[in-house]
Amino acid sequence: MEIRFTLNGRSVTAEVEKRQTLLSLIRDHFHLTGTKYGCGTGDCGACKVLLDGQAVTSCNLPSYRVDGRSVVTIEGINGEDGSLHPVPQAFLDAGAVQCGFCTPGMVIQSIDLLGRNPDPHEEEIREALKHNICRCTGYVKIVQAVQNAAELMKGKDGLHG
C-alpha cells in the first residue's frame, strides 16, 4: 500500500507492507539511522520519534498508521539553518551522553516533555523518561540536561528552538 506523510518537514511517499514497522521504514527506506533499534517491543525507548508532536516508539508501530501524519526523527529536530536544537545542545553541555545509543530516544522524549511542560521538576523528568533505558549513565546528567534545556528553550518555539 502507498502512504503519504510528512517526514522531517518534507512530504514523502512510500510503498509499505502491512506488517512493516515505522522504524524499518525510517531506517531501511529513508536511510535515517539516528532512530535506533533496541528491543523491538517498545520497552527501551531507543526508537522514539515524534508523531504529530508526541513521542512514540517506532519499532512496534505499523508504518501504514502514519499515512497523512507528521513524523520527526532525531535528524529533523535541528533548525532549518542547521543550528543545534536546545535539547541535544543541553545533553552535550551536561555530558549526558556516554555510548550515545539511547541519546536520540532520550532527546525525542525530552522534546515531547518540554512541549507539554516547559518547566518540569526532577520527578516529572524522571517519570517522562522512565521508558527510555540507558545502560551507561545513572540518569543524573540526563535529568540535568533536560532541566538545562528547559532554561534554553524559554521564549523559543518547542521544536526548533
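Computed from a predicted model, the values in this text were never measured in an experiment.
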Those residues that, when tested against Glu15, pass salt bridge (Lys or Arg N to Asp or Glu O under 4.0 Å) (two or more places apart): none
I'd like to check the side-chain hydrogen bond (donor to acceptor under 3.5 Å, both in side chains) partners of Thr41; sequence neighbours left out, ordered by chain and number. Asp43
Just to verify, what does Thr57 make a side-chain hydrogen bond (donor to acceptor under 3.5 Å, both in side chains) with, not counting sequence neighbours? Asn60
Kindly write out the residues that satisfy side-chain hydrogen bond (donor to acceptor under 3.5 Å, both in side chains) with Gln54, not counting sequence neighbours, or none if the list is empty. none
Please identify each residue that fulfils salt bridge (Lys or Arg N to Asp or Glu O under 4.0 Å) with Glu127, with sequence neighbours left out. Lys130
Sort and list the pairs that fulfil salt bridge (Lys or Arg N to Asp or Glu O under 4.0 Å) and have at least one residue in residues 138-147, not counting sequence neighbours. none
Which atom of Val66 lies closest to which atom of Phe5, heavy atoms considered: O-CB, 3.2 Å
How would you list all residue pairs meeting salt bridge (Lys or Arg N to Asp or Glu O under 4.0 Å) that involve residues 45-55, not counting sequence neighbours? Asp52-Arg69
Quick one: list whatever passes salt bridge (Lys or Arg N to Asp or Glu O under 4.0 Å) with Glu122, sequence neighbours left out. Arg126
Residue list, side chain to side chain contact (heavy atoms under 4.5 Å, CB included) with Asp67, at least two apart or on another chain: Ile3, Arg4
Check: Asn132 side chain, Gly105 main-chain N or O, donor-acceptor pair, under 3.5 Å: yes
Here the salt bridge (Lys or Arg N to Asp or Glu O under 4.0 Å) pairs for residues 97-109, sequence neighbours left out, are none
Run the salt bridge (Lys or Arg N to Asp or Glu O under 4.0 Å) test against Glu124 and tell me which residues pass, sequence neighbours left out. none
Residues at least two apart in sequence or cross-chain that pass side chain to side chain contact (heavy atoms under 4.5 Å, CB included) with Pro62, listed by chain then number, are Tyr64, Arg65
